[in-house]
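Each remark here refers to the structure printed beneath this line.
Every chain is numbered from 1, with letters handed out A, B, ... down the list of sequences.
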Protein chains: 2
Amino acid sequence: MSPREDEITGWLREQRELPPAVYPIAIGDDMAQIALGQGASVLITTDMLLDGTHFDLRTATLRQVGYKAMAASLSDCAAMATVPIAAVVAVALPADFSVQQLKELHAGVVSAADRYDCPLVGGDITAWKGNEPIAICVSMLSKPGNSPPVRRNGARVGDVICVTGSLGGSGRRRHLEFEPRVREALKIASRVTLNAMMDISDGLSTDLNRICSQSGVGALVDAAAIPISDDAKLDADPLRAALNDGEDFELLFTLSPDEWDKLYRLWDDPVPITKVGRITDGGRMQIRMPDGRIVDLRPGGYEHLQRDT
Amino acid sequence: MSPREDEITGWLREQRELPPAVYPIAIGDDMAQIALGQGASVLITTDMLLDGTHFDLRTATLRQVGYKAMAASLSDCAAMATVPIAAVVAVALPADFSVQQLKELHAGVVSAADRYDCPLVGGDITAWKGNEPIAICVSMLSKPGNSPPVRRNGARVGDVICVTGSLGGSGRRRHLEFEPRVREALKIASRVTLNAMMDISDGLSTDLNRICSQSGVGALVDAAAIPISDDAKLDADPLRAALNDGEDFELLFTLSPDEWDKLYRLWDDPVPITKVGRITDGGRMQIRMPDGRIVDLRPGGYEHLQRDT
């Protein structure tokens, strides 16, 4: 379904107009926001992870799976610079799954929950009739931090495009052990005004395209500036891995050049932040290749488009 | 996993002591409650429904499946007399699932969402690598109505035990088309003080046992008083069906005899409410059989225990 995901999300969003006073943020962002009156609001995200698709139990431990499921949702909270407050976890288990195995899965969930002070407050344990694979669904609540939740649709022409950490190659190991950028997101949002943010779950090229299309802008990425992870450097084409690999779970954000200067000057965190490009007008994503050529950048790739130019 | 469910839930609950000021209701009730400050709070429930376990796509339509998934969560909101406010839905789909099929599933979700003013605000669409069966996970938020959320652990000795509607035989059809008792629950809770409530998802005998064990009380059920559904009357043993069949999604609640008299006098709703027994001390569930004998009632059955008496 993945290539059609944005199309389907767009269709879903069009099905119902929700009153923005009660539902300030609905389908299409990292989390939905629901107003509860008297200034209080809560945000919610849900993520379903499947054995064979998002993890592989032939190589991953149940503890890693539980950790990843929670960490992916924590990353959604980070994506809007919100504070995680509680999670519920529903699991579909093979009929022969043991209580001991369930406890290992739970240990992984709790290890992430404890790290980010986001307790497991409920859940649902169900079993397949046979030995169909595990599905684990985490739904997480957060609340706004000191700044309003940062959306995807606020990028402005002239903005600096930034990422945290380094990109690509997470499939090798990091997708099971990554650190969601909850603290970094709250730290950044408390120091400067962000115009748009999300977490990178489908690769920089795909996720930047989401910010651009939801904000009605374009982008020019500088290939030489992209922080390529050590894992991606092992790839035959490290730049392509950094642009297109999924599940980096780093932050992708845009802010004005002045705010960027301020942030960069103040930044004292071990997790690096890197300027990788600029928001442009015209709704087109482009990339300046290391050899200086500027070519179109599309979700999931740049190579086809090189032929066109 | 089902027979061990309460044991596992008990184990999960013991893993972490949560501060009740922030988490007034956590694992073990129909929904968890999270306080957001300034008197605001939100409740959350999550439910995973599986093809082959909770529905069967050889006989059910995708629209029915979508409806059931939402209605089961709405029933959790009803179970505590809370007001549904928003839902997110995550689905795991077979690789060959079509967009048209997804729209049918969505139509079912929305038909329940619209009926109870509980919009779909987000979700996640994932696909198996192969043609593993559908899993659908609904997480729903609610807020307290005019009364505090009604818990499972408040039943008191002397309370009247009541149910809405009629019980048993829902597997024949009703489990796909039932009406969650959201309106009835709010109506009841606005008129009288309830001591304990939940929805019947695993059968009266199992769910009443949950109220008894969480409240530290016993119960004496009057078999002759149990409202047996027309579907259950087709069963070889209608009483057993009414006691043990799952997925009635009716309300089970306890209240003082005075409150019951008041409620019964005022009740003008087409959905019947019926007194089926009394809360007793001693922590033992019993049933007065139609022939007058009093025998032990255990979760999922009474017949084994007849032999013991």
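- Residue contact with chain B, scored on non-hydrogen atoms closer than 4.5 Å, involves the backbone of V91(A) exclusively.
- Contact between T46(B) and G123(A) at its shortest, heavy atoms only, is CG2-CA, 3.6 Å.
- Heavy-atom neighbours of D96(B) CG from other residues, nucleotides or ligands within 6.0 Å: above the threshold of 12.
- For chain B, the option among A113(A), S41(A), G130(A), G52(A) with the highest count of heavy-atom pairs below 4.5 Å is G52(A).
- Put simply, of G39(A), P133(A), C137(A), the one with the most heavy-atom pairs under 4.5 Å next to chain B is P133(A).
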Determine whether T9(A) and I125(B) satisfy the following criterion, side-chain contact (heavy atoms from CB on, under 4.5 Å), listing intermediate values before the conclusion. CA-CA 9 Å; T9(A) 306; I125(B) 300 166; 5.5 Å; no

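- Across I44(A), L36(A), I85(A), a single residue satisfies side-chain contact (heavy atoms from CB on, under 4.5 Å) together with V42(B), and that is L36(A).
- At a 4.5 Å heavy-atom cutoff, the contact between D114(A) and chain B is made by side-chain atoms alone.
- Neither the backbone nor the side chain of L49(A) comes within contact range of chain B; no heavy atoms are under 4.5 Å apart.
- At least one side-chain heavy atom of W11(A) sits less than 4.5 Å from a side-chain heavy atom of K103(B).
- D51(A) and W128(B) make their closest contact through O-CZ3, 3.8 Å (heavy atoms, listed as atom of the first residue, atom of the second, distance).
- Most heavy-atom pairs under 4.5 Å with chain B, from the set A86(A), A92(A), A40(A): that is A92(A).
- More than 12 heavy atoms of other residues, nucleotides or ligands lie within 6.0 Å of CG in N131(A), so this atom counts as buried by the packing criterion.
- For E132(A), the part lying near chain B is the side chain, with the backbone staying farther off; criterion is any non-hydrogen pair under 4.5 Å.
- At most 12 non-hydrogen atoms from other residues, nucleotides or ligands lie less than 6.0 angstrom from CG of D117(B).
- With a threshold of 4.5 angstrom between heavy atoms, A135(A) approaches chain B through its backbone and through its side chain.
- Within the 4.5 Å cutoff, side-chain heavy atoms of H54(B) are placed close to those of T126(A).
- Contact annotation for Q15(A): only side-chain heavy atoms (C-beta onward) come within less than 4.5 Å of a heavy atom of chain B.
- Interatomic distance, L102(B) CG to L12(A) CG, rounded to the nearest 0.5 Å: 6.5 Å.
- How far NZ of K129(B) is from CG of D56(A): 9.5 Å, rounded to the nearest 0.5 Å.
- Ranking V88(B), L18(B), L50(B), T45(B) against chain A, the residue ahead of the rest is L50(B), based on heavy-atom pairs under 4.5 Å.
- Separating the CE atom in M48(B) from the CG atom in L93(A) is a distance of 8.0 Å, to the nearest 0.5 Å.
- In terms of heavy-atom pairs under 4.5 angstrom with chain A, the leader among R13(B), K143(B), H106(B) is H106(B).
- Judged by distance alone, with hydrogens and angles left aside, the side-chain atoms of T53(A) form a donor-acceptor pair with the main-chain N or O of A127(B) at under 3.5 Å.
- Interatomic distance, CG of D47(A) versus CG of D124(B), reported as 5.0 Å (0.5 Å rounding).
- Most heavy-atom pairs under 4.5 Å with chain B: of the set G28(A), P119(A), G37(A), A32(A), this distinction falls to P119(A).
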